[in-house]
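Report on one structure; see the data block that follows.
All of these numbers come straight from a predicted model, not from anything done at the bench.
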Amino acid sequence: MKKIILSMFAMSLLIVSCSSDDDATPSEPLGAYEDGIIVSGEGGPSSITFISEDLMTSENQIYFNVNNEATGVYLQSLGFNDDKAYIVVDAGTITVVNRYTFEKLGTISTGLTAPRYIAFANGKGYVTNWGDPYDEADDFVAVVDLTANTVISTIPVGNGPEQILAEDNVVYVSHKGAFSTNNIVSVINTSSDVLTTTITVNDNPDEMLVDDNGDLVVLSSGKPAWTGDETKAAITKIDMDTNTVSTTLEFSDGEHPELMMYLNGNLYYNLGSAVLSITDDATAVTSTPLFTTAATTLYGMAAKDDRLYFVDAVDYTSAGQLFIYDDTSYSLINSFNAPVVASKIYFN
C-alpha cells in the first residue's frame, strides 16, 4: 500500500512539474505591433504610428509600410475587436486589418457616407455616420456584418452622431451635431437594432466612458463664446439601468473642455493645454490645473497603468507629438513624433 501511495505522489509531482513547464512556455508573438501604443493622425496625409510598450522603439506610417498604400483622407478613428482593427476614414471607407501585423484583410466601402467611430456588440459592428453635415435629417448608425464586412442595415438617429460606446447589449451615441450643434445621447438596443430612447445633456456632447461606479460619463463642451450664443460645458453622469441623468457638473462661462480620460477613479479633462481632475464622488468641477502639458494644440488624451498620454496637433500641418507623463508626479517621461493632426491614442 505504501508503494502505491508513493507512486501516486511521484506522479502528482510529475503532473505539477509538466503543468508548470507548460505555463512557463512563452507564447508566439502575434505581430510586430503587439504590446504598444498606437497613435492615429487625421491627415496631411493621414497615418498611424506605433510605439513599443517599453518606449524603446517607434515606427511611423505602419499601415503604409505593411501594405504600400495610404490610409485615406481624414482618418477619424480606429476600433478594435478580437484580433482585428478597423480604420475609420471620413471619406466613407473602413479598412480592416490584423491589429498585430496591420496586414490589410478587407474593406467596408459601401453603405457609409461620413463614418466617424465604430463599436462592437452582439457580434456586430456599429458605425456612426454624419451623412451630409449640412443636412440634419440624414444621419444614421450603420450595422455591420463583421464576417462579410458589409453594412446590413441602418438605424436613423439625430443630427451629428459622434462617439459610440458599447456596454453589454446596448450602444450609446453622443451627438456633437456635425457642423451645427446637438445635445443628446442616443441609446440603441443591439438585439433589435432599434433606437430605444434619447437622453438630453448639455450642448455638444462628444467623449464618453464608463466610470468605476458603473455610470456613463459624457463630456459636453457647450457652445463657445465666439458663436454669440455661449452655453455651459458639463460633465454628465447617466444611470445606465434607467438611462436617466443622475448628475450634471457644469463649468463656468468661458471654460469649454473638449477631451476626457479616466484612470484609477480619477476623471481627467482639459482646459486648453492644462489638465484638471476630479474624483468619482466630486460634486463640482475644478478650475485648478494639476499641470500644463507641453502641447501647443492638445488634441487627444488617454490613460493606462501609471501613465497619462497626450497628442499635440501643433499647427495641423506639421508632424504631431506624443507626450507621456507620470500620473503621480505629472513629470514628462518621454515624447515621440506622431502623425500629422495626431488625434487618437490606443493601446494594443
Side-chain angles (χ1 to χ4, degrees), residues 27-43 45-53 57-112 114-129 141-151 162-166 171 207-209 261 300-304 309 311 320 322 336 338-348:
S27 57
E28 290 291 327
L30 298 174
Y33 308 116
E34 180 186 8
D35 295 332
I37 304 125
I38 288 175
V39 180
S40 63
E42 294 178 6
S46 66
S47 64
I48 300 169
T49 291
F50 175 82
I51 299 111
S52 63
E53 192 170 60
T57 62
S58 66
E59 178 182 342
N60 296 320
Q61 302 192 61
I62 61 173
Y63 178 83
F64 180 86
N65 294 344
V66 172
N67 300 289
N68 198 31
E69 66 179 29
T71 45
V73 178
Y74 302 127
L75 195 171
Q76 178 58 37
S77 64
L78 271 66
F80 297 88
N81 186 50
D82 296 331
D83 62 351
K84 297 183 177 66
Y86 295 75
I87 304 169
V88 181
V89 176
D90 269 1
T93 299
I94 297 177
T95 301
V96 187
V97 300
N98 180 299
R99 66 186 292 174
Y100 304 115
T101 66
F102 265 74
E103 293 174 346
K104 183 177 180 180
L105 302 175
T107 304
I108 305 168
S109 56
T110 59
L112 302 168
R116 304 290 292 174
Y117 292 86
I118 185 170
F120 307 91
N122 263 346
K124 295 170 282 187
Y126 292 83
V127 183
T128 52
N129 281 264
V141 171
V143 184
V144 175
D145 181 325
L146 297 175
T147 301
N149 288 332
T150 57
V151 174
E162 193 72 16
Q163 300 210 26
I164 184 166
L165 182 150
V171 292
E207 301 209 314
M208 300 184 292
L209 55 84
M261 62 184 174
M301 59 189 202
K304 185 183 178 187
Y309 299 80
V311 284
L322 171 71
F336 294 87
V340 177
V341 197
S343 61
K344 305 293 185 305
I345 305 159
Y346 305 93
F347 303 102
N348 208 16

Worksheet entry | Residues in ring-ring contact (aromatic ring centres under 6.0 Å, His included) contact with F50, at least two apart in sequence or another chain |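 So F50 forms a ring-ring contact (aromatic ring centres under 6.0 Å, His included) with Y33.
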Worksheet item: Sequence neighbours excluded, which residues qualify as ring-ring contact (aromatic ring centres under 6.0 Å, His included) partners of Y100?
Response: none
Could you state the interatomic distance from [atom1] ([X]) to [atom2] ([Y]), rounded to the nearest 0.5 Å?
X    : Y    : atom1 : atom2 : result
N68  : Y63  : CG    : OH    : 10.0 Å
I94  : T107 : CD1   : OG1   : 10.0 Å
I87  : T95  : CD1   : OG1   : 5.5 Å
E42  : K344 : CD    : NZ    : 5.0 Å
N65  : E59  : CG    : CD    : 4.5 Å
T101 : N67  : OG1   : CG    : 8.0 Å

For [Y], is there any backbone N or O sitting under 3.5 Å from a side-chain donor or acceptor partner on [X]?
X    : Y    : result
D35  : S52  : no
S40  : S77  : no
S47  : P339 : no
N81  : G79  : no
T150 : D145 : no

Discussion item. Please determine whether side-chain contact (heavy atoms from CB on, under 4.5 Å) holds for the pair L30 and D83, giving the CA-CA distance in whole Å, both sets of side-chain angles, and the decisive distance to 0.1 Å.
Written reply: CA-CA 9 Å; L30 298 174; D83 62 351; over 6 Å; no
Beyond-backbone contact of [X] with [Y], side-chain heavy atoms, under 4.5 angstrom:
X    : Y    : value
V127 : Y117 : no
T49  : F336 : no
I48  : F102 : yes

Quick check: closest heavy atoms across [X] and [Y], and the distance to 0.1 Å?
X    : Y    : answer
T93  : P115 : N-CG, 4.2 Å
G43  : V340 : O-CG1, 2.8 Å
V39  : A338 : CG1-CB, 4.1 Å
I108 : V144 : CD1-CG1, 3.7 Å
L209 : M261 : CD2-C, 4.0 Å
V141 : T128 : CG2-CG2, 4.4 Å

Fill in: Other residues, nucleotides, ligands: >12 heavy atoms within 6.0 Å of Y74 OH
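Open.
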Practice prompt. Test side-chain contact (heavy atoms from CB on, under 4.5 Å) on Y126 and V143 and set out the steps.
Written response: CA-CA 5 Å; Y126 292 83; V143 184; 3.8 Å; yes
Discussion item. Between F120 and L146, does the side-chain contact (heavy atoms from CB on, under 4.5 Å) criterion hold? Intermediate values first, please.
Written reply: CA-CA 9 Å; F120 307 91; L146 297 175; 3.8 Å; yes
Discussion item. Between K304 and E53, does the side-chain contact (heavy atoms from CB on, under 4.5 Å) criterion hold? Intermediate values first, please.
Written reply: CA-CA 11 Å; K304 185 183 178 187; E53 192 170 60; 3.8 Å; yes
Discussion item. Listing request: all salt bridge (charged side-chain N to carboxylate O under 4.0 Å, His left out) pairs with a residue in residues 87-110, at least two apart in sequence or in separate chains.
Written reply: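 Checked against salt bridge (charged side-chain N to carboxylate O under 4.0 Å, His left out) - neighbours excluded - the pairs reaching residues 87-110 are E69-K104, D90-R116.
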